[in-house]
**Q** 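Input: one structure, supplied below.
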There are 2 protein chains.
Amino acid sequence: MKKLTLEEVGKLAGVSRATVSRVVNGYPHIRPEIRERVQRVIDETGYRPNLLARSLASDRSNIIGLVIPSGAQAVFTDPYFPCLTQGIARGVNSNNLTLALFMVHSEQEEERTILSILGTGLVDGLIVTSDNKGDVFIPELLKHDMPFVQIGRSLYSNQVYRVDTDNVTGSYLATKHLLSLGYQRIATIATNRNCSGDDRFTGYANAFAEYGRTIDRRLVAYGDYGLESGYHAMRQLIPQRPDAVFVTSDTMALGALRALQEAQLRVPDDIAIVGYDDLPPAVQANPQLTTIRQPIEQTGFLAVATLVKILSGEPPESHEIVLPVELVVRASCGAVRTNAVVASAQKADYRVNP
Amino acid sequence: MKKLTLEEVGKLAGVSRATVSRVVNGYPHIRPEIRERVQRVIDETGYRPNLLARSLASDRSNIIGLVIPSGAQAVFTDPYFPCLTQGIARGVNSNNLTLALFMVHSEQEEERTILSILGTGLVDGLIVTSDNKGDVFIPELLKHDMPFVQIGRSLYSNQVYRVDTDNVTGSYLATKHLLSLGYQRIATIATNRNCSGDDRFTGYANAFAEYGRTIDRRLVAYGDYGLESGYHAMRQLIPQRPDAVFVTSDTMALGALRALQEAQLRVPDDIAIVGYDDLPPAVQANPQLTTIRQPIEQTGFLAVATLVKILSGEPPESHEIVLPVELVVRASCGAVRTNAVVASAQKADYRVNP
DNA sequence: TCTTTATTTGAGAGCGCTCTCAAGTAGAAA
DNA sequence: TTTCTACTTGAGAGCGCTCTCAAATAAAGA
């Protein structure tokens, strides 16, 4: 099973290398009988084009890179990245591309990795998932004009193509839900190192504003999307006696739940809780979490679609795609005893099943 | 910032393309002054070699592929794959390779993907994680002599290089632990579609054999490593009134836990439970899970190391690396009230902290 | 019938790198 | 000084593909 070349296939079919290339690539102007003859040789020999040679000649690798910062604990405790990756993989497959995965453990490594990619022709473009406020390499990407799509928001939002979910509305819905249920001391566990965290806090604030309420800073604690951080943040909040808490990730909510449990507080009777993400942990939790569902997989899929457009030279009109989110009402907020009621984000309210 | 070639760098430094190539690749016999001069030009211009051209010329892409079957729900509910991927990424980084990720959603796609990789020169080798008994493409890989390392065990174990954790011993330890605590009706939630599941069942059986006990088939239920399946399996077992259950994955154990909760059974008072994996869910559970810890990340890292050895032409002596596992005693088995006590697998017993 | 135009093919020049081979240089040995 | 053995460099032939260009052929129009 040695590797054949176009040349050899051509010889076997009695045509030139160029003609075989045309058949392989579905080029139009070929006499049917010739196409068929060549195709038969290809089928019989099991010829497969050498992708590297093709890439070199065409100046297009058909490989796109995915950059994931794995420094964050969240990568392991949170199904967010697997879901996202799944969506990206779907996108990649349906566009006949290959996905190169770059997991970077630290900022230095991030920098190093990015540099080792740039200018090497290995990838045609990049999907960048760092939600970190300190993305040092975005300018680098811009400088080298490496096409890329960012997932989430960053400091450079206006200069880049990005796909995101509507974090502001999501948090707004979550908080408004708690407000509308009559809770008085609604705490939040936010994050302050990343952009989505900022947006989610904004949504929280917006809901408060709408209800003419002011935020009590003592009811705001911070985590890093990891489970442990949710636990610690909740412990910090408990002395302030909140009657509800909006936790900006389901995973942190699980941690918070444990803290509440240890403090002998019942959910939702003593304190209501709303999460964010609607990933499996939301359902695994006890009680199941009322949360905000965001279309994570679709985010990944659309990021690829966007990148493909850019690469094909017809960049999308808008620099950003912001996907809608929805409130999913379960037991943890105290609104219902049973589960899984979904409200559309557009309507900015929710319904409860009979 | 247009792309430079070796030729151009050579011209700038007043040497030939070949010499620049030697400097770039750290070739020994170069006059220091020349090396320095060339290096300076490289630094000043920011030259980066075109990886594709290099690969084509050297017949070595330095890309290795990772095949993950994402059909299984477990990919999302279980941090197993993220951990494994993390280890693989570490290995890849430290060997200056690039990782290509192939997520396949179905068997057909698996087949299609594999074929689209074979013979294209894109990857030098593969890491295959499918634990499925029906791996249709392993023979294909062997036929095309594509170097690969399998994670876990498969039907072709004796013909391939593989890295695995000691599933038999792990389950043995878990089961023995329950036996030694005096439980009488020890059920298990196993899996029957994959090889690790077989091994884990074997360990369960071995422990029974050692204690001169026979397995009651009514106390054996099956899942697929996903959370939901654990729930259903447990519901199926409850009528048999087990007083303990060994669940062959933490994620399934979470599902089982929910079923028990619904049935108003207290853990560990009414029924003890032991999981497998020691991934974050084990600690997130309530009560925290006694479980078997396996070095997942290391498995990935070693798989890369093994593949690198094979690619370098000096294949490892042994066809398999089996990593040790250990019992971690927490609250769910009823042995202790507090958490996290680790026993070494080698000793095949455990200690409890004061 | 003779152009004109469209279709079909092959030749050949790269893509940017590696790697062998041979030539040139220098230092050690004779 | 001559010869032999490193060491150091450049020339050049690919790696397997794409893509332009022009030649050859066929179809259509005048």
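Throughout, a chain's letter reflects where its sequence line sits, starting with A, and its residues are numbered from 1.
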**Q** Please give, in whole Å, the distance from dG16(C) P to L4(B) CG?
**A**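 Between P of dG16(C) and CG of L4(B): 10 Å.
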**Q** Nearest whole angstrom, please: distance from the C1' of dT8(D) to the CZ of R37(B).
**A** 13 Å
**Q** What nucleic acid atoms does L6(B) come within less than 4.0 Å of, heavy atoms only: base, sugar-phosphate, or nothing?
**A**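 Result for L6(B) = base.
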**Q** I want to verify a distance call: between dA11(D), dA13(C), dG16(D), whose nearest atom is closest to the R17(A) side chain?
**A**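 Nearest to the side-chain atoms of R17(A), counting from C-beta on, is dA13(C).
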**Q** Rounding to a whole Å, what distance do you find between N62(B):CG and dT18(C):P?
**A**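 Atom-to-atom, N62(B) to dT18(C), this comes out as 11 Å.
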**Q** How do A57(B) and P28(A) order along DNA chain C: which one's closest nucleotide is nearer the 5' end?
**A**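 Result of the comparison: P28(A).
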**Q** Classify the nucleic acid contact of I34(B) as base, sugar-phosphate or nothing, counting any heavy atom under 4.0 Å across all strands shown.
**A**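 It contacts sugar-phosphate atoms only.
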**Q** Which heavy atom of D124(B) sits nearest to which heavy atom of S61(B), and what is that distance?
**A**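 Closest pair (atom of D124(B), atom of S61(B), distance): OD1-N, 2.9 Å.
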**Q** Specify the separation, in whole Å, of atom CD of E7(B) and atom P of dG14(C).
**A** 13 Å
**Q** Under 4.0 Å between a side-chain N/O of T5(B) and OP1 or OP2 of dG16(C), yes or no?
**A**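 So the side chain of T5(B) is outside the cut-off, no N or O lying under 4.0 Å from OP1 or OP2 of dG16(C).
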**Q** Would you mind telling me which residue lines up with the more 5' stretch of DNA chain D, Y27(A) or L52(A), judged by nearest nucleotide?
**A**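 Going by which nucleotide is closer to the 5' end, it is L52(A).
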**Q** Do Y161(A) and P147(A) make a side-chain contact, defined as non-hydrogen atoms from C-beta onward lying under 4.5 Å apart?
**A** no
**Q** I'd like to know whether L311(A) forms a side-chain contact (heavy atoms from CB on, under 4.5 Å) with R60(A), so could you lay out the CA-CA distance, the side-chain angles of the two residues, the decisive distance to 0.1 Å, and finally the verdict.
**A** CA-CA 10 Å; L311(A) 292 175; R60(A) 199 75 146 52; 3.7 Å; yes
**Q** Could you check whether D59(A) gets within reach of a base, just the sugar-phosphate, or nothing at all, counting any heavy atom under 4.0 Å?
**A**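 No contact.
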**Q** Just the rounded figure in Å: distance from P of dC7(D) to NE2 of H29(B).
**A** 5 Å
**Q** Rounded to whole angstroms, how far apart are CD on E8(A) and P on dG16(D)?
**A** 8 Å
**Q** Are S21(B) and dT18(C) close enough that a side-chain N or O sits under 4.0 Å from OP1 or OP2?
**A** yes
**Q** Going by atom types only, do T5(A) and Y47(A) share a side-chain donor-acceptor pair under 3.5 Å?
**A** no
**Q** I want to verify a distance call: between dG16(D), dT8(C), dT18(C), whose nearest atom is closest to the L56(B) side chain?
**A**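 Closest nucleotide among those given: dG16(D).
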**Q** Tell me whether the side-chain N/O atoms of Y47(A) come closer than 4.0 Å to OP1 or OP2 in dC17(D).
**A**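 So the side-chain polar atoms of Y47(A) do come within 4.0 Å of the phosphate oxygens OP1 or OP2 of dC17(D), strictly under.
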**Q** For the side chain of S58(B), starting at C-beta, report the closest nucleotide among dC19(C), dT8(C), dC17(C).
**A**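 In terms of side-chain proximity for S58(B), the closest of dC19(C), dT8(C), dC17(C) is dC19(C).
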**Q** Strictly below 4.0 Å: does R54(A) bring a side-chain N or O up to OP1 or OP2 of dG16(D)?
**A** no
**Q** In whole angstroms, how far is the C1' atom of dG16(D) from the CZ atom of R60(B)?
**A** 19 Å
**Q** Taking the side chain as every heavy atom from C-beta outward, state whether S21(B) and Y27(B) have any pair of such atoms under 4.5 Å apart.
**A**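 Counting from C-beta outward, S21(B) and Y27(B) never come under 4.5 Å.
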**Q** What is the distance from CD1 of I30(B) to C1' of dC7(D), rounded to the nearest Å?
**A** 12 Å
**Q** Just wondering, do V160(B) and V149(B) contact through their side chains at under 4.5 Å, heavy atoms?
**A**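 Side chain of V149(B) against side chain of V160(B), heavy atoms only: no contact under 4.5 Å found.
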**Q** If you only use heavy atoms from C-beta on, which nucleotide in dT8(D), dT20(C), dT18(D) is closest to the side chain of R22(B)?
**A** dT20(C)
**Q** Given dT9(C), dT18(D), dT9(D), identify the nucleotide with an atom nearest to the side chain of T19(B).
**A** dT9(D)
**Q** Check whether any side-chain nitrogen or oxygen of N50(B) sits under 4.0 Å from OP1 or OP2 of dC15(C), and answer yes or no.
**A**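 No, N50(B) has no side-chain N/O under 4.0 Å of OP1/OP2 on dC15(C).
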**Q** dT9(D) phosphate, OP1 or OP2: any side-chain N/O from S16(B) under 4.0 angstrom?
**A**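 So the side-chain polar atoms of S16(B) never come under 4.0 Å of the phosphate oxygens OP1 or OP2 of dT9(D).
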